[in-house]
Amino acid sequence: TNLYNPCTMERSSSSGYLKMENQIVQQLSDLIGWNIYDSAGVFTTGGKSCIMYAIKSGLNRCKEKTKYGHSPIVITSDINHYSIETVCYQLGMEKFDCIRIPSTSDGIMDFSALEKTLYEKLSNGIPIACIIFSGGNTTDCFVEDIYKGVNIIQKVVEKSGANYCPYIYYDLVVCWPWLFFNKYDFKN
């Protein structure tokens, strides 16, 4: 079967696979305007795998940085994909460990509610494994302001005295193709 369905991760057939992955990440980084040598990425089989990787990375950070008597939580907005709860469950978390922040009338996360929730949880010693922002989801295509979110997180982490910053994941499931039109002249 290897003749017709080779495993690209085996040594004999993976020559250049990592190089190709890095090249694609650098090309996408260039489209965003990021330094291509300071950026990195991970290729997965789909959205659930990306979310699982993000939450697992956050859980690892929590385990390393906190002594928690409460199970870690994940925070996201109510517009984000329903699979987040599924992934939390697959990682051994309970359904109530995924906290959904309500949306504003614009369809994006209510950042004042985020700030209040973050402060409440961190001040009470509840570890936050991951905060997931929408960079354009498959349901509504709403894009949340990642810069505003990160600034709030940094402010609350400092104010609460937490010794770590929760892992931040920006779910760009449907937005990355638009990067190719970043310099496109729509008027003409």
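Linking ILVMFWY residues whenever their side-chain heavy atoms come closer than 4.5 Å, directly or via other members, places Y147 and F142 in the same cluster. In the hydrophobic clustering of ILVMFWY residues, with side-chain heavy atoms under 4.5 Å counting as a link, I146 and V143 come out together.
Put simply, CD1 on I24 and OG on S29 are 11.5 Å apart, with the number rounded to the nearest 0.5 Å. A distance of 9.5 Å separates CG of L28 from CH2 of W34, quoted to the nearest 0.5 Å. Rounded to the nearest 0.5 angstrom, M52 CE and I55 CD1 are separated by 8.0 Å. Expressed to the nearest 0.5 Å, how far NE2 of H81 lies from NZ of K48 amounts to 8.0 Å. To the nearest 0.5 angstrom, K116 atom NZ is 12.5 Å from L114 atom CG.
Side-chain contact, D171 with S134: no donor N or O sits under 3.5 Å from an acceptor N or O. Between the side chains of S71 and D97, at least one donor-acceptor pair of N or O atoms lies under 3.5 Å.
By the 4.5 Å heavy-atom criterion applied to side chains, T117 and I101 are counted as neighbours. The closest side-chain heavy-atom distance from I99 to K121 is below 4.5 Å. The closest side-chain heavy-atom distance from I131 to Y167 is not below 4.5 Å. Counting heavy atoms from C-beta outward, S103 and D110 have side chains that stay 4.5 Å or more apart. You'll find the side chain of R100 reaches within 4.5 Å of the side chain of E85, heavy atoms only. Counting heavy atoms from C-beta outward, F111 and N151 have side chains that stay 4.5 Å or more apart.
A side-chain contact (heavy atoms from CB on, under 4.5 Å) with I153 is found for one member of I75, I128, L118 and no other, namely L118. Of the residues listed (N163, L122, I152), the one engaging V157 in a side-chain contact (heavy atoms from CB on, under 4.5 Å) is L122, and it is the only one.
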Going through the distances and angles, do L31 and Q27 end up as a side-chain contact (heavy atoms from CB on, under 4.5 Å)?
CA-CA 6 Å; L31 289 171; Q27 289 171 340; 5.8 Å; no

Determine whether C98 and I73 satisfy the following criterion, side-chain contact (heavy atoms from CB on, under 4.5 Å), listing intermediate values before the conclusion.
CA-CA 6 Å; C98 182; I73 61 171; over 6 Å; no

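The main-chain N or O of I108 is never found under 3.5 Å from a side-chain atom of D106 such that the two would form a donor-acceptor pair. The backbone N or O of M109 lies less than 3.5 Å from a partner atom in the side chain of E144, making a donor-acceptor pair. Using a distance-only test at 3.5 Å, with no hydrogens or angles considered, a donor-acceptor pair links the side chain of R61 to the main chain of C165. Between the N124 side chain and the I126 main chain, no donor and acceptor come within less than 3.5 Å of each other.
The shortest non-hydrogen separation linking K159 to Y119 is CG-CE1, 3.7 Å. Shown here for Y169 and C50, the closest heavy-atom pair between the two residues is OH-CB, 3.1 Å. Between Y164 and C62, the shortest heavy-atom contact is OH-SG, 3.8 Å. I132 and C130 make their closest contact through CG1-SG, 3.7 Å (heavy atoms, listed as atom of the first residue, atom of the second, distance).
Ring geometry for F186 versus F181: interplanar angle of 30 to 60°, hence tilted.
Remark: Y89 OH is loosely packed, at most 12 non-hydrogen atoms of other residues, nucleotides or ligands lying under 6.0 Å away.
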